[in-house]
There are 2 protein chains.
Amino acid sequence: MMILTVPSAPAAAEPEPPVDLGALPGLIGYALRRAQLAVAQDFHRRVAAEDIRPGQHSVLTVLQNNPGLRAARVAQALGIKRTNFVPVLDGLEARGLAERRRVPGDRRASALFLTEAGKAVLARLAPLVAEHEARFAGRLGPDGRSQLMGLLHRLGEAGFDPA
Amino acid sequence: MMILTVPSAPAAAEPEPPVDLGALPGLIGYALRRAQLAVAQDFHRRVAAEDIRPGQHSVLTVLQNNPGLRAARVAQALGIKRTNFVPVLDGLEARGLAERRRVPGDRRASALFLTEAGKAVLARLAPLVAEHEARFAGRLGPDGRSQLMGLLHRLGEAGFDPA
DNA sequence: TATTGTTATACTCTATAACTATA
DNA sequence: TATAGTTATAGAGTATAACAATA
């Protein structure tokens, strides 16, 4: 019996050499993006039941801690442009989680508040966010976590100003 | 003389109390997002002259280090879905920086290569990216930088799979 | 049947310019 | 003239579903 063609290796055993990422894994920005993607995806999965995204969670948290704050200040505190903050707030208001009220002294401004439903969502969110946080804190250990927070804070300093 | 209204302080001196971010600054995901935003904005400014975004830089780097790699493998290595990789590659090809070539053995696949122009862009990019990296590495110090890379890698592990 | 690349589509995020009503 | 909120719009990024050609 004659063998007509001899593949250099069985198809199932072709290992496909790993992709060489070059200098990318050593770049701070690349490592940040990969880590942030992983963390954001976990947030999305954990909090899916409440249908809240990280940015919405941030806004609700700020309103809880600063009832009556003006829209421009919320946006600025979170690094969101005023113009992009409008649809975010529209969404929260349409779902009955937050509300705009007129400010007595200044008829241009609006003061923002959580509704009771908004407070309830935040209360239900708390344990989900805590689990999410614990998952990644667990990967780092207490020392690693506090080191990371310090290092990230240094990167974020003096960095941006979303006029 | 009767004072009708007494503002609690002159308007110019009203300090506007700081916004209370609550638990946000202690959350890994929030700190990651702020840091990533600052780093990405600096990348954008530094590299504006070449009109290349971080994702494009990553693709060009992978093609340089793995000439002839298939599209699906490039996308998977960078955490981009195959379907979203198409317009990225279209853009690079339209600018003459990368090209698709037919693969002899498999008529479905395309092998990806940098063009000479693509190699030249990457060469001009190198010092800009190095400056960008140095800016943030300088904020952390050598030890801080290597700690950060280790911690970010732990966060990104086993995290995502952009099928 | 499974894989490669692709189209179509939609939703989010981010960005700029310009408007309105106030101040 | 400046500010608070808004509208309109455009560009990226990311997501799913489905298709043709090929394996």
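Quick note: numbers below take in every heavy atom, side chains included, and nothing from hydrogens, waters or symmetry partners. Protein chains get the first letters and strands the later ones, always in sequence-line order, with residue 1 at the start of each. Computed from a prediction, not measured in an experiment: that's the story for all the values here.
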Base versus backbone protein contacts along nucleotides 16-23 of chain D [heavy-atom cut-off under 4.0 Å; B, S, -]: BB---BBS
Considering only heavy atoms, which members of residues 85-100 of chain A lie under 4.0 Å from some atom of DNA chain D? A:V86, A:R100
Hey, are B:E99 and B:R101 close enough for a salt bridge, meaning a charged N less than 4.0 Å from a carboxylate O? yes
Does a side-chain N-to-carboxylate-O contact under 4.0 Å join B:R46 and B:E133? no
Residues at least two apart in sequence or cross-chain that pass side-chain contact (heavy atoms from CB on, under 4.5 Å) with A:A117, listed by chain then number, are A:L97, A:T115
Separation of atom CZ in B:R53 from atom P in D:dT14, rounded to whole Å: 11 Å
Taking A:E93 for its side chain and A:R100 for its backbone only, find out whether a donor-acceptor pair lies under 3.5 Å. yes
Donor-acceptor pair, distance only, cut-off 3.5 Å: does the side chain of B:R34 make one with the backbone of B:P25? no
Please list all pairs passing the salt bridge (Lys or Arg N to Asp or Glu O under 4.0 Å) test where one or both residues lie in residues 118-130 of chain B, with sequence neighbours left out. B:E50-B:R124, B:E116-B:K119
Quick one, B:L155 and A:L148 - any side-chain contact, counting heavy atoms below 4.5 Å? yes
Ring pair (Phe, Tyr, Trp, His ring centres under 6.0 Å): which pairs involve residues 115-147 of chain A, sequence neighbours left out? A:F43-A:H132, A:H132-A:F136
By nearest nucleotide on DNA chain D, pick out whichever of A:A111 and A:R33 is the more 5' one. A:A111
Does the side chain of A:L112 reach to within under 4.5 Å of the side chain of A:F85, using non-hydrogen atoms? yes
Short question: side chain of B:N65, backbone of B:T61 - any donor-acceptor pair under 3.5 Å? yes
Calculate the interatomic distance between A:Q41 atom CD and D:dA15 atom C1'; express it in whole Å. 10 Å
Which ones in residues 60-68 of chain B lie close to DNA chain D, meaning a heavy atom under 4.0 Å from one of its atoms? none
Starting from P on C:dT12, measure out to CD1 on A:I52 and report it in whole angstrom. 12 Å
